[in-house]
Visitor: 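Sharing a structure below in structure tokens format, with a few things to ask.
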Number of protein chains: 2
Amino acid sequence: MPFEDKKKSRVTLLDVAARANVSRATASLVIRKSPLVGADTRARVEEAMRELGYVYNMGAARLRAERSHTVGVVVPNLTNPFFAELLSGIESVIDAAGMVVILANSGDLAERQDMVMQRMREHGVDGVIICPAAATEPEFLGRMAEWGLPLVQALRHISDDIDYAGVNYAAGMREAVGHLASLGHRRIAFAVHGPVHSAYLERIEGFRDAMFSRGFDPDLIIRVSDQTAQIPGSAHLLFENPDKPTAVVCFNDVIALGLSAGLHDLGLKVGENFSLIGFDDVAEAEVIRPRLTSVSTAPVTIGENAARMLLDRLTDPLLPPRRVVKETQLHIRQSCGPIAGPAL
Amino acid sequence: MPFEDKKKSRVTLLDVAARANVSRATASLVIRKSPLVGADTRARVEEAMRELGYVYNMGAARLRAERSHTVGVVVPNLTNPFFAELLSGIESVIDAAGMVVILANSGDLAERQDMVMQRMREHGVDGVIICPAAATEPEFLGRMAEWGLPLVQALRHISDDIDYAGVNYAAGMREAVGHLASLGHRRIAFAVHGPVHSAYLERIEGFRDAMFSRGFDPDLIIRVSDQTAQIPGSAHLLFENPDKPTAVVCFNDVIALGLSAGLHDLGLKVGENFSLIGFDDVAEAEVIRPRLTSVSTAPVTIGENAARMLLDRLTDPLLPPRRVVKETQLHIRQSCGPIAGPAL
DNA sequence: AAAAGCTTTTAGATCGATCTAAATGGATGG
DNA sequence: CCATCCATTTAGATCGATCTAAAAGCTTTT
């Protein structure tokens with residue numbers, strides 16, 4: 001429908017301006033919705049743009065204006081649905097602000113993370129939302145500050161001098177332990193895996209804190225496989241300690257699902273003679289039997305928070321560093337029951 | 001360490017060139033690893049870049065060179081781990097090729113998809129990998145062709161004239177039905193949900209084809225909830241048909257997991273007096289009890305295939321349209337057993 | 001009628017790279 | 001010793017927008 005001129009490689013602002021009988025500068029103002037331009041002129045230019053099938057050239061605009069309408073997002077791992085949800089939250093807010101997301105995967109490796117950030121910089125992103133790789137060294141942030149690149153940390157944090165959008169993991173863990181304690185459990189294990197980072201440490205801290213303050217043994221921490229398929233096989237670890245636990249708090253729902261199966265394999269009835277509580281509240285929690293009691297962390301919301309923080313910082317770079325820490329919520333289902341006879 | 005000049009806003013190629021005593025053009029050649037430049041000159045320029053802390057400006061390069069080193073990826077939904085894995089595969093290949101991914105979410109809405117594509121175009125992506133929204137109208141592709149934007153369809157396809165990286169869904173379904181048939185099942189249901197698109201139709205076709213060719217009733221198709229949490233509650237639908245099935249093939253593993261729980265709730269023993277087979281082979285298949293027999297579709301691999309196809313097309317835009325269709329693989333676990341007494 | 005104050009429009013420089021086409025310098029050949 | 005060739009290097013135009021500072025039209029004030 002829009003009559004195309006196959007000869008000319010591309011319709012530019014100059015073409016639009018010519019057709020609308022205005023200068024290129026005016027046409028530019030129209031695109032940017034400047035209030036300086038008169039109503040009739042604006043209409044004429046917009047008409048011309050439509051007729052010519054004009055496409056805005058961000059690249060050219062960015063070069064001059066030093067703004068790319070582009071945000072970098074760096075996550076450790078896309079395969080993990082948790083990060084995918086985070087990303088989803090980020091994308092929706094960034095998109096609504098008329099910007100786009102440039103995605104990168106650090107593989108949770110500091111070295112790759114460096115490369116990826118370099119690439120982001122070359123692409124001229126306006127800012128970056130990053131879930132820092134586990135072994136990120138502190139100098140990393142110094143370098144970022146030197147670059148003057150607006151940064152928001154999501155889910156994990158390395159520095160308090162930089163915006164952070166996360167979850168109150170420690171409180172969530174306290175909630176989990178509290179729930180089990182209220183059911184009469186005293187010997188509670190904590191099942192963990194994965195790399196060590198702030199979110200890891202906060203969960204450990206919350207667990208130990210909650211256990212310690214009740215006079216329970218806070219050291220029943222077991223480490224299960226990082227491979228999802230092998231977690232069920234790690235269930236026996238729970239009972240290698242002489243002080244056999246009657247319940248287990250899980251670092252995340254992947255572990256909880258795995259241990260739920262593993263405990264079942266060992267002949268235990270989860271929710272009856274052994275209790276299990278997850279963390280993250282993934283969709284599957286509702287779909288396994290027994291239904292998994294879990295502490296929700298709502299990664300989509302964290303993503304939205306992180307994106308909003310970055311947008312705020314872009315409009316006002318001098319904002320003091322902020323922390324937006326979301327509270328968790330306990331979803332009670334079937335996997336926890338009152339303390340029964342000794343396990344095994 | 002690199003001595004920064006806070007006054008000057010940015011180190012450009014001209015600065016580098018000056019310091020290395022060469023022209024800007026030569027410095028440009030060095031960055032692009034042109035073989036035209038002498039070894040000693042190259043070394044000098046690289047040294048200068050390091051000393052000045054030079055950062056390549058993609059935006060400027062793109063303006064002149066008409067190449068952005070940027071690939072758009074459009075998916076219907078990030079929250080679905082399936083698409084997240086697809087994305088992961090795409091990202092790894094694109095990254096290895098020195099390009100970056102610009103991400104967008106169509107929400108499976110044709111209208112949003114249009115907006116998103118427009119935005120991709122404004123950002124000057126070199127090409128786009130798209131999993132087309134369910135209700136994409138055929139004109140969409142005409143418009144894309146008019147734009148001359150290299151395109152690859154992933155997982156779903158609308159046109160045979162455009163590259164497509166996908167899965168042989170129909171064959172996978174035949175495999176699933178074949179497995180159940182070999183265990184003696186004849187009355188097999190098919191549980192579906194979600195929007196209608198090519199991947200949906202191919203699965204239906206594969207199921208019906210496999211049933212029909214064996215002389216089984218191909219019309220036992222039931223539609224379950226789109227909400228993960230409500231799928232278990234849909235299990236009773238299986239038995240509303242007078243011709244009660246003894247097994248069910250699921251459209252995907254989300255449904256399989258849900259029905260597995262729902263059947264359990266109805267007092268059936270999956271794998272003993274009712275058989276169930278999933279599709280996609282997600283990580284959880286190994287972690288629920290009974291372990292889920294499932295047909296794997298390996299979305300990461302599809303993503304890699306799609307990305308490679310796009311890269312090929314970028315180097316040679318005149319390539320004829322190609323189809324890369326991956327075969328599925330059946331993973332036999334515990335959720336299917338030989339036919340037993342009548343269900344319920 | 002000139003000055004002042006608005007609003008609206010504009011010419012021309014500019015962002016930082018790449019491209020083209022030509023220049024440079026040294027080696028080789030007649 | 002000049003012509004030819006090859007490998008390097010380069011000046012200057014160019015991509016398509018935005019920015020600055022000033023001009024052009026208006027109306028209102030003096």
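Since this is a predicted model, take the numbers as computed values, not measurements. So that the names make sense, note that chain A is the first sequence line, chain B the second, and so on, each numbered from 1.
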Visitor: Can you tell whether the side chains of A/R50 and A/E47 come within less than 4.0 Å, N to carboxylate O?
Guide: yes
Visitor: Mind calculating the distance between CZ (A/R62) and P (C/dG16) to the nearest angstrom?
Guide: 13 Å
Visitor: Would you give the length of the straight line joining atom CG of A/L141 to atom CD1 of A/I162, rounded to the nearest 0.5 angstrom?
Guide: 4.0 Å
Visitor: Got a salt bridge between A/R10 and A/D15, using NZ or NE/NH1/NH2 to carboxylate O under 4.0 Å?
Guide: no
Visitor: Over all heavy atoms of both residues, which pair between B/S68 and B/M58 is shortest? Give the atoms and the distance, please.
Guide: O-SD, 4.3 Å
Visitor: Closer than 4.0 Å, any side-chain N/O of A/R32 to the OP1 or OP2 of D/dC19?
Guide: yes
Visitor: Return the value, rounded to whole Å, for the distance between atom CE of A/M49 and atom P of D/dG16.
Guide: 16 Å
Visitor: To the nearest 10 degrees, what angle separates the axes at the start and end of the helix from C/dA1-D/dT30 to C/dG30-D/dC1, five pairs each?
Guide: 60°
Visitor: For B/H69 and C/dA17, what is the distance between atoms NE2 and P respectively, to the nearest whole Å?
Guide: 13 Å
Visitor: Would you name the heavy atoms of A/G107 and A/R112 that are closest together and state the gap between them?
Guide: N-NE, 4.5 Å
Visitor: Determine the minimum heavy-atom distance between A/H157 and A/Q153, stating which atoms define it.
Guide: CA-OE1, 3.2 Å
Visitor: Whole Å only: how far is the OH atom of B/Y56 from the P atom of C/dA17?
Guide: 8 Å
Visitor: Atom CE of B/M58 and atom P of C/dA17: how far apart are they, to the nearest Å?
Guide: 11 Å
Visitor: Specify the residue among B/R42 and A/L13 whose closest nucleotide of DNA chain D lies further upstream toward the 5′ end.
Guide: B/R42
Visitor: Take a 6.0 Å sphere around CD of A/Q118 and say whether it holds more than 12 heavy atoms from other residues, nucleotides or ligands.
Guide: yes
Visitor: For A/E137, look at atom CD and say whether over 12 heavy atoms of other residues, nucleotides or ligands are found less than 6.0 Å away.
Guide: yes
Visitor: In B/S/- notation, 5' to 3', how is nucleotides 9-15 of chain C contacted by protein heavy atoms closer than 4.0 Å?
Guide: BBB-BBB
